[in-house]
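Values below: every heavy atom of this structure, side chains too, minus hydrogens, waters and symmetry copies. We name chains A, B, ... by the order of the sequence lines, and we start the count at 1 in each one.
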There are 4 protein chains.
Amino acid sequence: MEFKEPQAIYLQIAEYVCEKILLEKWNTDEKIPSVRELAVELEVNPNTAMRSYEFLQNKEIIYNKRGIGFFVSANAKEKVSVFRKQQFLETELPVFLKNMNILNISIQEIETFYIAFIKSKNLN
Amino acid sequence: MEFKEPQAIYLQIAEYVCEKILLEKWNTDEKIPSVRELAVELEVNPNTAMRSYEFLQNKEIIYNKRGIGFFVSANAKEKVSVFRKQQFLETELPVFLKNMNILNISIQEIETFYIAFIKSKNLN
Amino acid sequence: MEFKEPQAIYLQIAEYVCEKILLEKWNTDEKIPSVRELAVELEVNPNTAMRSYEFLQNKEIIYNKRGIGFFVSANAKEKVSVFRKQQFLETELPVFLKNMNILNISIQEIETFYIAFIKSKNLN
Amino acid sequence: MEFKEPQAIYLQIAEYVCEKILLEKWNTDEKIPSVRELAVELEVNPNTAMRSYEFLQNKEIIYNKRGIGFFVSANAKEKVSVFRKQQFLETELPVFLKNMNILNISIQEIETFYIAFIKSKNLN
DNA sequence: GTGGTCTAGACCACC
DNA sequence: GTGGTCTAGACCACA
């Protein structure tokens, strides 16, 4: 997996896990990959992968059974969803609207991009 | 000036300078504040202010006349504008569209937010 | 390491790194000394060593893996080589030819010096 | 006049004056432009022009008659010539030969460049 | 006055 | 351990 610059790698991994949960690839009480498996898969130091799981555990999105592994918490999907929506509305959206305005980009253009995005997604 | 946490101060200062250029408060070949003046004004260490100017000079947004000071480059406004637009289209927009999709937010909702944003802006 | 007066230390360090790359002592994707190691080795302040690496990173001669260290970029050797050649042809050579002309020094004399230089080099 | 980056402007102006003397455009005991005239001509701060003249006066290449102006010293041409030759042989040539070697440029290539240089000079 | 460089020392997040 | 940022203070050459 490739990581983008400004954000910490462990947060990007946490994002990746949340996405799996949101898209229902990993469901409540299902065992998720071990720290080592994840580290190998994403080509990351195990410490970094561990940190992601710790982060998600703190947010009660996953839980740990000692000696067995990590599992998806009940209501994880809802928690992630609420958290994201909040972040989206409070942080991302205002910046986005400001930039639309400064860069003089119309809602129609955004719509065009959105339609293209949905299409390309359905192709895969 | 107040600085927000995650981003480096010197980058926020660079942003500040770019804003001045975008809003045509500082125009082509106009002298901008000296490193020390800026440092005093924004209450930062001169080294930090210097670093901002170095950064902007590397991006060819400002240039230096030896012993005299820093000046706004020709086409600085366009450069800043292009740079921002590129960043918006390549980084911000894809994330935004993905989140719209995951969080199930429609273009109509975005439009509503946008109209509210424009209104609140015009009031000030 | 000893540094000569007119040029900034951090640029001389950058030169030193480039030389290592040109002479293939440090090769593509190989880890180079950490900022602190280099600082100790060359007896300079870590900030100064850092500045050299920053400079070389801007020129895409080295790159950074977060939390791990700096590495030699692919094609670093070519980049350094091209960069030097360009500087030679655009800056050094014109001055040199002008001086040859003004000082009335012939190509034959230069050749004599060159042969002597090569010889003395092979002796060491 | 345009000035190149690494060298101080006042030294480049001194170079300019020396060239005039070497090419016998300004001869022994001839009055050279006043500091102000020179400053206007080269678009430089008078202080900077003054500094060049001071520098050349120290080297006894020009002399000053108070209230009248600066004049070319006797033997100025020889002095400049000797000084340049010395600098050429001790500083410029060794660097040049080393770069020829590193960049793998032959004497034949240098000769080609030299012939082209002489030709272009005769055209003007 | 201007920028430019350097040191020393500190603190931080991240791997 | 790694780099990255920031402050404080100093010194310098140059315009």
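- The pair E30(C)-K20(C) does not count as a salt bridge, with every side-chain nitrogen at least 4.0 angstrom from each carboxylate oxygen.
- Take K98(C) and apply the side chain to side chain donor-acceptor pair (under 3.5 Å) test, not counting sequence neighbours, and it matches E19(D).
- Between the CG atom of L42(B) and the P atom of dT7(F) there is a distance of 11 Å, rounded to whole Å.
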In dot-bracket, 5' to 3', how would DNA chain E read with Watson-Crick or G-U wobble pairs under 3.5 Å, [ ] for crossing ones and | for pairs to another strand?
||||||||||||||.

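- Distance CD1 (I13(A)) to P (dC15(E)): 8 Å, rounded to an integer number of Å.
- Atom pair F55(C):CZ and dC6(E):C1' shows a separation of 17 Å (rounding to whole Å applied).
- Listed by chain and residue number, I21(C), I61(C), V72(C), S73(C) satisfy the side chain to side chain contact (heavy atoms under 4.5 Å, CB included) test with A76(C) (two or more places apart in sequence, or in another chain).
- Contacts classified as ring pair (Phe, Tyr, Trp, His ring centres under 6.0 Å) and involving residues 30-69 of chain C (residues at least two apart or in different chains) are given here: Y53(C)-F70(C), Y63(C)-F71(C).
- A salt bridge is absent between E78(D) and K85(D); no separation between the charged side-chain nitrogens and carboxylate oxygens falls under 4.0 Å.
- Taking for each of P46(C) and I32(B) the nucleotide of DNA chain E with the nearest heavy atom, the 5'-most of the two is the partner of I32(B).
- Among pairs with a residue in residues 8-31 of chain C, none fulfils ring pair (Phe, Tyr, Trp, His ring centres under 6.0 Å), at least two apart in sequence or across chains.
- With sequence neighbours left out, R36(D) forms a side chain to side chain contact (heavy atoms under 4.5 Å, CB included) with S34(D).
- Between I62(C) atom CD1 and dG4(F) atom C1' there is a gap of 14 Å when expressed in whole angstrom units.
- The distance between atom CE of M50(C) and atom P of dT7(F), rounded to the nearest whole Å, is 17 Å.
- Every side chain to side chain contact (heavy atoms under 4.5 Å, CB included) that E24(B) has, sequence neighbours left out, goes to N27(B), K77(B).
- Look at CG on N64(C): it is 14 Å from C1' on dG1(F), rounded to the nearest Å.
- The distance between atom CD of Q57(C) and atom C1' of dG4(F), rounded to the nearest whole Å, is 11 Å.
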Going 5' to 3' along nucleotides 8-15 of chain F, which nucleotides have protein heavy atoms under 4.0 Å from the base (write B), which only from the sugar-phosphate (write S), and which from neither (write -)?
BB----BS

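- The residue E43(B) sits apart from the nucleic acid: no heavy atom pair falls under 4.0 Å.
- V95(C) meets the side chain to side chain contact (heavy atoms under 4.5 Å, CB included) test with N99(C), E92(D); sequence neighbours excluded.
- For the pair K65(C) NZ and dC15(E) C1', the interatomic distance rounds to 12 Å; values are reported in whole Å.
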